[in-house]
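Within every chain, numbering begins at 1; the chains are lettered A, B, ... in the order of the sequence lines, protein sequences first and strands thereafter.
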2 protein chains.
Amino acid sequence: MKKYIPILKRTKLFAGVTDEEIGVMLSCLDARLHTYKKGEYVLRQGEHLNCITVLVDGELHIQRDDYWGNRAIINRIAVGEMFGEAYIAPESGALLNDVVAVEDSAVIFFDVRRIITVCSSACRFHSMVVQNLFFAISEKNRTLVQKLGHISKRTTREKLISYLSEEAKRQNQSSFTIPFNRQQLADFLSVDRSAMSNELCKMRNEGLIEFEKNQFRLL
Amino acid sequence: MKKYIPILKRTKLFAGVTDEEIGVMLSCLDARLHTYKKGEYVLRQGEHLNCITVLVDGELHIQRDDYWGNRAIINRIAVGEMFGEAYIAPESGALLNDVVAVEDSAVIFFDVRRIITVCSSACRFHSMVVQNLFFAISEKNRTLVQKLGHISKRTTREKLISYLSEEAKRQNQSSFTIPFNRQQLADFLSVDRSAMSNELCKMRNEGLIEFEKNQFRLL
DNA sequence: ACAAGTCGGTTGTATTTACAACGGAAAAGA
DNA sequence: TCTTTTCCGTTGTAAATACAACCGACTTGT
């Protein structure tokens, strides 16, 4: 697990904490490492979780399939990001979504209560992590609201424009790569893949965008 | 401001804190009270916020109007709930939404940094509030995901069923009142009001639901 | 009591979408 | 290399939606 310390160091959760301090916290927070093959479920809807988790390798989707097989990709977790932070509270209840490995992945689980219960020794790095956790959850909150902004648009085209322009802004360039293939993007924006594909091509024909595979450019 | 202590006491943020302790914190956290008339803006998109706020009277909508005048109601804030928690981090940037008073309302603003920076005296109630804040933000996170679940449904009917059945479950009875009028519900679910109205009546004709004004019953 | 405004249901039409099915190109696997 | 699978664009059709317009019931304010 120690080999992931350099990665943990770059996460929002452990920002400003030194390697040695992280090493100490790994045992202090009862960290456990699990690995998953592409396609495996990390967590399933209905399970209970009392850990904060950090993805240290691979990629995860937080998603939900409904009764009719429609998939909604709620969120995407990249290396260094965390998930499970919505279930910190003891009375949080069961998970509402599945968490699936889209690539071979490695996840570290941390005991929640040991994080948010400030230890008696009140170590410097612990209170740092507490504050980091605040910021991280808070930021995820904003991310969710932004996503709401995308899918609350009425038409497929508007959803695409909303998503693509935010992505361009986030990556700070008009040409950028998105982390989804077509089906995944459709699931993320909650639209039909073929309809979306169609709309994308229309937009290209109208000279609004260019794209090839996952590479997009706004014009 | 002291007259709102009984209300604050029942909020998630101050759960488990006594009246006197809240009284102390009001000054300790630099609390400020503002009141708003129905229709007034509490905060506007683009502004900066470095406070956690609690609604102590009235009702707020967190919403966003796009260029074409389409309104999306992101969330509803009831008495005792808080907002602004997504902007705790110093680098959060500007507000992405408007916050509007739907009724005459009163809001208390608390300085964020004084909350999350544990004071040197490490008072009992302060660490309590820190933990409460964790749980509250975390819960809001879940609320947002639930809302995503509603509007990620493809048809108006599915959105309605998703929303109404969650509301029934939340209020723990098949007959319940919703906090929106038709237009607001449409804005909340991101659909057209008349189309939604139409769909509601179809569902009634099919014997799925009953309703009158804001009172609904699932059958 | 009257006028103005709000609210919710209804209808028709043009637009948009989902869905199913297909095919070619590229990638993955044997 | 050959086969299989994945990915993505295309098309046609049926279904669902947005939009505008209208009406009656009810509320609010004067």
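Atom-to-atom, CG of B/Asp187 to P of C/dG8 comes out at 12 Å; the value is rounded to the nearest Å. In this structure, the CD atom of A/Gln183 is 12 Å from the P atom of D/dT6, given to the nearest Å. Between the P atom of D/dT17 and the CD1 atom of B/Ile151 lies a distance of 14 Å, rounded to the nearest Å. Here the P atom of nucleotide D/dT17 and the CG atom of B/Leu160 are 9 Å apart, to the nearest Å. In this structure, B/Lys153 places its NZ atom 19 Å from C1' of D/dA15, rounding to the nearest Å. What separates CG of B/Asn214 from P of C/dG8 is a distance of 7 Å, to the nearest Å. Counting to the nearest Å, the P atom of C/dT10 and the CG atom of B/Asn205 are 8 Å from each other. Here C/dT11 presents its P atom at 16 Å from CG of B/Asp192, a figure rounded to the nearest Å.
Counted within 6.0 Å of CZ on A/Arg204, heavy atoms from surrounding residues, nucleotides or ligands total more than 12; the atom is thus considered enclosed. Sparse packing is recorded around CD of A/Glu212, with 12 or fewer heavy atoms of other residues, nucleotides or ligands lying under 6.0 Å away.
No cation-pi contact links A/Lys140 to A/Phe83, judged by a cut-off of 6.0 Å to the six-membered ring centre and 45° from its axis.
Within the 4.0 angstrom heavy-atom criterion, only backbone atoms of the sugar-phosphate kind lie near B/Asn181; the bases stay farther away. At the heavy-atom level, A/Thr155 lies under 4.0 Å from the strands shown only through sugar-phosphate atoms. Here A/Thr156 lies in heavy-atom contact (under 4.0 Å) with sugar-phosphate atoms only.
The phosphate of C/dG9 has OP1 or OP2 within less than 4.0 Å of a side-chain N or O from B/Arg182. A close approach under 4.0 Å does not occur between any side-chain nitrogen or oxygen of A/Asn198 and OP1 or OP2 of D/dT10.
B/Ser174 contributes no side-chain N or O that, together with a main-chain N or O of B/Arg217, makes up a donor-acceptor pair within less than 3.5 Å.
The OG atom of B/Ser197 sits 10.5 Å away from atom CD of B/Gln183, with the distance rounded to the nearest 0.5 Å.
Residues A/Ser190 and A/Arg193 each lie close to DNA chain C; by heavy-atom proximity, the contact nearer the 5' end of the strand is made by A/Ser190. Both B/Ser194 and B/Glu199 sit near DNA chain D, but only B/Glu199 has its closest nucleotide nearer the 5' end. Each of A/Lys213 and A/Asn70 has a nearest nucleotide on DNA chain C; the 5'-most of these lies closest to A/Asn70.
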